[in-house]
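So the structure is just underneath, and the comments pick up after that.
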Amino acid sequence: MDLNVTTLSSLSATIVRKLPLETTYLDIKDASDGWLAIREMVVRGAPAIAIAAALSLAVEVYNLENYNGTPVEAASFLAGKLDYLVSSRPTAVNLSDAATKLKEVVSKAAAAAASNCQDVFQAYIEAAENMLADDVASNKAIGSYGARFIQNQQEDRTKLSVMTHCNTGSLATAGYGTALGVIRALHSEGVLERAYCTETRPFNQGSRLTAFELVHEKIPATLIADSAAAALMKDSKVSALIVGADRVAANGDTANKIGTYSLALCAMHHNIPFFVAAPLTSIDSSLSSGKEIIIEERSPKELLNARGGLGEQVAASGISVWNPAFDVTPASLISGIITEKGVITKTGTDDFDIKGFIKRAVGQCIA
């Protein structure tokens, strides 16, 4: 097989649960390892989940020996593994979208292959690698479009302070980041005065991961408690809020890390623009609104114990727990959705014409 061995055969995922105090690596050798890493949030962030799932199966296929099935059987084998990987995190639409696209690739490869199942496996590996490269390019485009749009909306374009929630940088994507990618772009253009990141309880993705990335990139930044966000906005220290997305419905309702809805409400009250930054793969046009988005609930231990469930018990024994991983922000609270093809804005009301935007974007690509 013609394979980028550096990318795949030594595939590793940073164990983000140990950051920022320790960085170690976990070898992902097959789809089972990939499923566990995603489920246990060793890999997290919608784009990163999709890429990790795709590459974990690519590693398994690359190391697969003595497979004697037909091309059709090889395609069925891969489809079953992809369905299994999708079950690891149901809310992130990028994962199911990637699985659907990869199934199409192997189905076409099986139809074209005469008798060699290896042709099907090779087609899958190449498609998975292309997804990795495409995600980085997509993130950089999101950063560029977002930075330009936000600057054009501000009276003072030279001193912008941006708040973000959860982690949407290189640790949540194939590289560069979505919402954090916009912040990176603003910083590189010399117009970012400060980035504010929330701690993002209960798993602390903001304090452990976003803060880690901001310090690493030497971006001026301040960490705040989730409950301090409204006070900071009241003091007129925030020019805009930018968050990522795990799933965007056809009307613009957005599922993102728990706490996003609260921030959007505060931003609306203080007349601060609130943006979602996400690739088009995060948009699920099959869902008419956010009411149809399935919200994953996490382990009670994340609230009962310190360090997002990894430390000592801090809550009273016997207390019941409600721990949704995400909430849904209504489209009415969102100023714009920043994608790799441009910024989706309102049509004069509270409605986004997302399907129209995607149709035009796809048409431009074909042209």
So, [X] side chain and [Y] main chain: donor-acceptor pair closer than 3.5 Å or not?
{"X": "His165", "Y": "Gly206", "answer": "no"}
{"X": "Thr100", "Y": "Ser96", "answer": "yes"}
{"X": "Ser161", "Y": "Val238", "answer": "no"}
{"X": "Asp226", "Y": "Glu199", "answer": "yes"}
{"X": "Arg208", "Y": "Phe203", "answer": "yes"}
{"X": "Asp33", "Y": "Lys29", "answer": "yes"}
{"X": "Asp253", "Y": "Pro330", "answer": "no"}
{"X": "Thr339", "Y": "Pro279", "answer": "no"}
{"X": "Thr254", "Y": "Val248", "answer": "no"}
{"X": "Glu297", "Y": "Trp322", "answer": "no"}

Q) Would you call Glu189 and Arg148 a salt bridge, using N to O less than 4.0 angstrom? A) no
Q) Quick one: do Asp83 and Lys103 make a salt bridge, cutoff under 4.0 Å? A) yes
How close do [X] and [Y] get, counting heavy atoms only, and between which atoms?
{"X": "Gln153", "Y": "Pro273", "answer": "OE1-CB, 4.1 Å"}
{"X": "Gly308", "Y": "Asn204", "answer": "N-ND2, 4.2 Å"}
{"X": "Ala46", "Y": "Asn94", "answer": "CB-OD1, 3.3 Å"}
{"X": "Ile258", "Y": "Arg201", "answer": "CG2-O, 3.9 Å"}
{"X": "Glu296", "Y": "Phe326", "answer": "OE1-CE1, 3.8 Å"}
{"X": "Ile28", "Y": "Ala37", "answer": "CD1-CB, 4.0 Å"}

Nearest 0.5 Å please: distance from the [atom1] atom of [X] over to the [atom2] atom of [Y].
{"X": "Lys355", "Y": "Lys359", "atom1": "NZ", "atom2": "NZ", "value": "11.5 Å"}
{"X": "Ser170", "Y": "Arg184", "atom1": "OG", "atom2": "CZ", "value": "3.5 Å"}
{"X": "Ile224", "Y": "Leu232", "atom1": "CD1", "atom2": "CG", "value": "5.0 Å"}
{"X": "Leu102", "Y": "Asn130", "atom1": "CG", "atom2": "CG", "value": "10.0 Å"}
{"X": "Thr329", "Y": "Asp327", "atom1": "OG1", "atom2": "CG", "value": "5.0 Å"}
{"X": "Ile344", "Y": "Phe352", "atom1": "CD1", "atom2": "CZ", "value": "7.5 Å"}

Please check if [X] and [Y] belong to a single hydrophobic cluster, counting links between Ile, Leu, Val, Met, Phe, Trp and Tyr side chain heavy atoms closer than 4.5 Å.
{"X": "Val93", "Y": "Ile337", "result": "no"}
{"X": "Phe275", "Y": "Val191", "result": "yes"}
{"X": "Met268", "Y": "Val243", "result": "no"}
{"X": "Ile242", "Y": "Phe274", "result": "no"}
{"X": "Ile142", "Y": "Leu186", "result": "yes"}

(Q) Between Thr198 and Thr210, is the side chain to side chain contact (heavy atoms under 4.5 Å, CB included) condition met? List the steps. (A) CA-CA 9 Å; Thr198 61; Thr210 299; over 6 Å; no
Q) Got a sec, which residues hit ring-ring contact (aromatic ring centres under 6.0 Å, His included) with Phe77, two or more places apart in sequence or on another chain? A) Tyr67
Q.
Using the ring-ring contact (aromatic ring centres under 6.0 Å, His included) criterion, which residues pair with Tyr261? Sequence neighbours excluded.
A. none
Is there side-chain contact between [X] and [Y], with at least one heavy-atom pair below 4.5 Å?
{"X": "Val42", "Y": "Leu36", "value": "no"}
{"X": "Glu217", "Y": "His187", "value": "no"}
{"X": "Leu263", "Y": "Met233", "value": "yes"}

Are there more than 12 heavy atoms of other residues, nucleotides or ligands under 6.0 Å from atom [atom1] of [X]?
{"X": "Lys140", "atom1": "NZ", "result": "no"}
{"X": "Lys301", "atom1": "NZ", "result": "no"}
{"X": "Asn271", "atom1": "CG", "result": "no"}

Q.
Can you confirm whether the side chains of Asn167 and Arg44 place a donor and an acceptor under 3.5 Å from each other?
A. yes
(Q) Hydrogens and angles aside, do Ser289 and Asn251 bring a side-chain donor and acceptor to less than 3.5 Å of each other? (A) no
Q: Check step by step if side-chain hydrogen bond (donor to acceptor under 3.5 Å, both in side chains) holds for Thr173 and Asn139.
A: CA-CA 8 Å; Thr173 63; Asn139 289 345; 3.2 Å; yes
Q.
Going by side-chain contact (heavy atoms from CB on, under 4.5 Å), Leu192 matches just one of Val182, Thr158, Ile219. Which one?
A. Ile219
